[in-house]
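All chains are named by letter (A, B, ...) in the order of the sequence lines, taking the proteins before the strands, and each is independently numbered beginning at 1. What you see is a predicted model, and the numbers here were worked out from it, not measured in a lab.
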Amino acid sequence: MSLSESLEFQNVQSSVTGARIKWFIACSVEDVPENGGACVKYGEEQIAVYNFTRRGEWFATQNLCPHKQQMVLSRGMIGSHGEHCEPKVACPFHKKTFSLLTGDCLNSDDCESIKTYPVKVKEGKVYIGVGIETI
Amino acid sequence: METTKPTVVVIGNGMVGYKFCEKLVAKSKDFNVIVFGEESRIAYDRVHLSEYFSGKTADDLSLSSSDWYKENGITLYLGDPVQEINRTAKTVHSLHGMAIQYDYLVLATGSSAFVPNIPGVEKDGVFVYRTIEDLELIQSYAGKAKRGAVIGGGLLGLEAAKALLDLGIPETHVVEFAPRLMPRQIDDVGSKMLQYKLSQLGLQIHLNKNTSSIEGNGKIEALQFADDSKLHVDMLVISAGIRPRDELARLSGLEVGSRGGILVNEKLQTSDASIFAIGECALYNNMIYGLVAPGYDMAEVVAANICGGSKSFTGFDMSTKLKLIGVDVASFGDPFISEPECRSVIFEDTHKGTYKRINITQDGKHLLGGILIGDASAYNMLLQTVNNKIVLPPDPEDLILGSRGGAASEGAGVMNLPDDALICSCEAVSKGAICAAVTEQNACTIDQMKKCTKAGTGCGGCVPMVKDLIAGTMKSQGLYVKNVICEHFDYSRQELFDLIKINGIKTYDETLNLYGKGDGCEVCKPAVASIMASLWNDMILKQDTIQDSNDRYLANIQKGGTYSVVPRIAGGEITPEKLIALGEVAKKYGLYTKITGGQRIDMFGAHVSDLPKIWEELIAAGFESGHAYGKSLRTVKSCVGSTWCRFGLHDSVSFAIEIEERYRGVRAPHKLKGGVSGCIRECAEAQGKDFGIIATEKGWNLYVCGNGGSKPQHAQLLAADVDKETCIKYLDRFLIFYIKTADPLTRTATWLNKMEGGMSYLKNVIVNNSLGIGAQLEAEMQYLVETYKCEWKEVVETPELRKRFNHFVNAPVEKDPTVKFESMRAQIKAVEW
C-alpha cells in the first residue's frame, strides 16, 4: 500500500457514542506480525499497532515510551498482566510495561501513561481512530 | 552573589561534608552554601577505598560531580583550605585569598592518619592510608616491593593489609601493639579465630609488638621491635588510628578536647554558637565517632537545626558488620560486658573457623550484645533482638546455633520480631509495614516490596531479612513459595525445558496452551524462545514476536532506537581485507565504530531498515552473524599464542577459532563467553569467562563458570592437562548441562553458586559421568553444531524476512525522523536521553 493511499481519511459513524470517530487506514492485516506490533506513520505522529492474535484483538498506542522518550513501543513484546489478563506491552529498553486498555504504566508509579487509540479491522485493512468529531 | 539569603560555609568536602550539603539543599533552598575543600577532588567514598586496588577508579569512588554542586547552587572551592576563622567578624579566609562572611559555619574537617613518633618514619617506602593520593603513592611503590607490613591491626589496618594483598605483594605482615586484632570490636578468642582465618589467606599477624624504630638507609629495610626482634620489609603502611583535624578550630580559639577533637554539644554546636562541627573532627561526650554512619547522623542534625528544626545527636550505635578479606566480622550492642554483669554463651568451631559470643542478662531474658567471626549471618537478627529488647526464648543458644532437632521453621526468628522493629534503617521501614505490604498489597517479591515500601533501596543490607519476612508472611498465609518462571507458567525453567523436549513442542503458543495460562509476557516468551532454540535450533525469526527485541531484529538496540552490528571475528583474528571491508561498510552507513571487550568490532547507529543492506555487504565480504544480540555464545577471546609469542606453549588462536566456530549460534539461558590462553601468563583472561582454556606443558587446563561484570568471579578448574578432544568433550557436556538446568538469565557463575554440591558435583557429572548422561549431552551438542546456520544470511536471502526490518509499516522507505546524533571525536554519538 502506498503512503498516499494509507493517508486517506475515512469517516465512519460510531454506533456507541453517536459521535464520529475519525478513522484512518493504517495498513493491511498481514503487515503486522502475529502477537506483535508495527509502527504506523500518521502525519507527524508515530502510532504502534498490535495484532494480538491470541486474543483475536487489535490495539494501538503511541509509539513513544515516556520513560526515556524512545520511539520503540511497537518493537516491544505484548502479553497479559494479572488475574484479569489485562493486555500489555513491554518496552524493549527497560521493560516498563503499559496497559493496552488504559495506557497506564503497570510496573512503576513514577512513569507517565501512554495514549491509546481505538482500532478496527474491515476487509483486511486495519483502521486506527485518531480523533473524535461531533456531528 | 545572593545577599538576602543567609550564608552557610562548610569547611571540608569529605563524605560527611558532602552529606551535609545534600541534606541541607534537600530541606531548603534558602541558603547560600559555600564549600571549601583541601583535596583537589570532589568528595569520595573513603569507606571503600581499598576497592581502588581491586579495580575501582577514582571516578567510581566519587560521591558526586561538579554539576551536582552547580545544579544546587553550591559554590565549591577545591584545593583551597581555609586558613583562618575570624569569629568576631564572622569571616573565613582561604589559602588562595578568598574571604567569605558566614552566618553559619560547619566544620567537617575530618581526621588525618595518626602517625606515631617512631624514629625513621620519614624514610622512603613508609606510607599512610587515608586519601586517594596516598593510595596512588602506595600503588606506584608496591611494584618493587616483595615484603610489606602494616602497623595497626584495627579495622583500617586490616583494610590496608587487604590493599597490599590486592596489589600482589608476595608477603604481607600486620603488626599490632595490643594483644589482639580489632581491639575496639572483638575479644581475645574472637581475635584468635580471625587471626587463624587471615593467616590462611596469606597474612602474617604479629601481636604485642611495639615498633621502636624503622631501619634502613634512606628507604625502609626493617622494623625493629622493643623486644629486640626484627622484621625485614621493604614497604610499610601506618594505620595506627586517626587524629581529628582540629588545628583550625584550635587556632580560632574554639574549645577542643585534651586528646584532640572539637568539643560539641548535642546540637553539634561548638563553644561558638554559630559554628558547628560534624564527623570525625567532632568530640561528643568524650567520644570521636570514627564511622561514617554517625557522621551522617550528625550532618542530618545540623542541617535540620539550621532549617529551624530541633534535632539532637545522642550518640550512635556502633554495632558493625563487615567482610574483612572475605571473613565475616560483626560486633553489636555491648560486645565486652562479662560476668558478673551478664552471662555469655560462647560457640567456637576451630575447624570451620567460626566464633560466636552472645551476652545475655543474668535473668536470661534479654540480649545485651555479642561478637560473630567467620559467620555473621545472624547479625541482623541479633542486632534487632538487642535494639528491640525482645524477650529471649528459653534456649538462647539457639540464636547462634540455630534450632537443632525441633520443628522450628526457617525465618521463624524474624517473624518473632515486634511489628515496630525497624528493618530498613535507611528508609525507616518497620517489620509491620513489610508484612502488611505482603498481606494487603500482595508484594511477594523483593522488587515489589521495594516499590511498595522502599525497604531495601538504600544500602541493601536488610534485603536478606526482608526476603525472610516476605517468605515467612506468605507461609503464614498458607501460600506456596516456588521458583516459577512468571505468572503464566507454574513451572521452573528446568521443568518447562523437560516438558517441551519430551513432548516435542515447537511453538510458544502450543506451550502456553498446554502448560500455561493468560497471554504470556516479556519474561516467559524469551525464556521459552531460548529453550526452543537450545532444543530444536530452528531459525529464531520463525517466532519473531516471542524474542527479546535484540533477537527479533538480530541486532542490539541502543540509545535513540538505532542498532549496533557485530560480525563474528572468531578468536579475534581478522585479515586486512576484512578490516577494510568493515571500514567501508561503516563509512557508507555512517556508523560509529569501536573495538569491543571480546576482540571484535562493533558498529553503532544503524537504522533498522539499513540492517539487511549492511549485512548483505558484510556477508559478501565473508562475514557471518556474531550473535552479539543473543543469549548465546559471544566470543572466544585468545592471546596470540605459540605462533608468534616467545612464551606460548600451544597455538591458542587456532584452538579459540575452532571452539568459537563449534559453539557459534548456540543459545543458552544467558550469554556465554570463552577464552583461550597460550600459557599461564593468561593474556586472554580466560579465567574471567564462562569457560576458559589455558595451555600447559602437557596439554590444556579447562576452567568453567567465571564471570566479569558487576560481580566478578574466577573460573574454577574442571580438568587439568587434557588433550584438545577431551577438552571439547567436557565443554560439550558442560554447556548442555548448563543450558538444560539453569534458571532464565542466569550466568554460569551464578548457576554454579546455586548448585547443591558446587564444583565437586559438577566435576562428577561432567568428568566422572556420575549421572551416566555424558554421551547424551555430547549428542545434543553435536546436533546444535550440525544444524547451525547464519541467521543474517537467511534474512538477506529471504524477501519476506527482509520486509520486517522497517521502522514504518506504511512508509517502508522512511527512517525514524526522531533519531538524532551528535558528534564526538570525529564520529557520531547517540543524543543523551
Side-chain angles (χ1 to χ4, degrees), chain A residues 1-3 5-7 24-28 31-42 44 46-47 49-55 57 63-65 67-72 74-93 95 97 107-110 126, chain B residues 442 447-448 451-452 454 486-488 507-509 512-513 516-526 529 541 543-553 556-563 608 800 803-820 830-833:
Chain A
M1 175 177 17
S2 79
L3 190 59
E5 264 176 336
S6 70
L7 283 175
F24 113 90
I25 302 182
C27 56
S28 299
D31 288 338
V32 187
E34 290 192 359
N35 292 308
C39 174
V40 172
K41 183 179 159 80
Y42 170 63
E44 294 302 301
Q46 297 194 18
I47 301 173
V49 58
Y50 311 93
N51 178 9
F52 214 141
T53 332
R54 184 177 166 82
R55 299 166 71 106
E57 291 180 286
N63 195 32
L64 184 80
C65 175
H67 174 225
K68 293 286 179 185
Q69 307 292 316
Q70 302 287 304
M71 279 293 184
V72 284
S74 62
R75 301 179 207 167
M77 270 179 273
I78 56 175
S80 71
H81 169 80
E83 267 173 60
H84 303 293
C85 267
E86 185 159 15
K88 66 171 182 177
V89 61
C91 174
F93 272 99
K95 300 277 150 67
T97 56
N107 57 356
S108 166
D109 289 334
D110 6 313
V126 181
Chain B
N442 202 21
D447 285 339
Q448 290 168 333
K451 209 179 130 188
C452 284
K454 289 202 163 206
C486 70
E487 61 173 284
H488 303 107
T507 68
Y508 172 80
D509 284 339
L512 190 58
N513 287 341
K517 56 175 187 277
D519 301 319
C521 69
E522 70 283 0
V523 176
C524 58
K525 283 184 174 182
L541 294 190
Q543 297 184 74
D544 61 343
T545 56
I546 60 165
Q547 310 294 340
D548 240 325
S549 181
N550 288 354
D551 263 329
R552 178 167 170 194
Y553 291 97
N556 296 47
I557 195 163
Q558 306 289 358
K559 267 186 190 172
T562 61
Y563 288 84
V608 68
E800 272 310 299
K803 252 178 64 182
R804 300 189 197 172
F805 291 80
N806 282 317
H807 184 72
F808 292 116
V809 69
N810 60 341
V813 289
E814 279 186 53
K815 289 175 176 167
D816 180 0
T818 65
V819 169
K820 297 242 158 39
V831 174
E832 198 51 43
W833 58 24

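For B/V608, the part sitting under 4.5 Å from any heavy atom of chain A is the side chain, from C-beta outward, and nothing else. With a threshold of 4.5 angstrom between heavy atoms, B/Q543 does not approach chain A through any atom at all. Residue A/T53: no heavy atom, backbone or side chain, is found under 4.5 Å from chain B. With a threshold of 4.5 angstrom between heavy atoms, B/E522 approaches chain A through its backbone and through its side chain. If you measure heavy-atom distances from B/D447 to chain A, you find no contacts under 4.5 Å at all. Looking at B/Y508, there are no atoms closer than 4.5 Å to chain A (heavy atoms on both sides), in backbone or side chain. For A/V72, the part sitting under 4.5 Å from any heavy atom of chain B is the side chain, from C-beta outward, and nothing else. Heavy atoms closer than 4.5 Å to chain A are found nowhere in B/Q448, neither backbone nor side chain. Looking at B/K559, the atoms closer than 4.5 Å to chain A (heavy atoms on both sides) all sit in the backbone: N, CA, C or O.
Atom OG1 of B/T545 sits about 7.0 Å away from atom CD1 of A/I78, to the nearest 0.5 Å. Separating the NE2 atom in B/H488 from the SG atom in A/C85 is a distance of 6.0 Å, to the nearest 0.5 Å. One finds the NE2 atom of A/H81 at 12.0 Å from the SG atom of B/C486 (value rounded to the nearest 0.5 Å). Interatomic distance, A/S74 OG to B/F808 CZ, rounded to the nearest 0.5 Å: 9.0 Å.
With hydrogens and angles ignored, the 3.5 Å screen pairs no side-chain donor or acceptor of A/K41 with any backbone N or O of B/H807.
Annotation for B/D816 and A/Q46: closest pair OD1-NE2, 2.8 Å, computed over non-hydrogen atoms. When all heavy atoms of A/F93 and B/Q558 are compared, the pair lying nearest together is CZ-O, 3.2 Å. The two residues A/G76 and B/R552 make their nearest non-hydrogen contact at O-NH1, 4.2 Å. For A/C27 against B/V809, the heavy-atom pair with the smallest separation is CB-CG1, 4.1 Å.
Between A/M77 and B/P526, the closest side-chain pair of non-hydrogen atoms falls below 4.5 Å. Residues A/R54 and B/L512 meet the side-chain proximity criterion, which asks for heavy atoms closer than 4.5 Å. Put simply, the side chain of A/E44 does not reach to within 4.5 Å of the side chain of B/P817, judged on heavy atoms. Using a 4.5 Å heavy-atom cutoff, the side chains of A/M71 and B/V819 are not in contact. Taking 4.5 Å as the limit, every side-chain heavy atom of B/T818 sits out of range of all side-chain heavy atoms of A/L64.
Listed options A/G36, A/P92, A/C39 were ranked by heavy-atom pairs under 4.5 angstrom with chain B; first place goes to A/C39. Note on A/K95, A/R75, A/Q69, A/E34: by heavy-atom pairs under 4.5 Å with chain B, the leading option is A/R75. Of the residues considered (A/A38, A/P87, A/G79, A/G37), A/G79 shows the highest number of contacts with chain B, using heavy-atom pairs under 4.5 Å.
For B/K517, the NZ atom counts as densely surrounded, since its 6.0 Å shell holds more than 12 non-hydrogen atoms of other residues, nucleotides or ligands.
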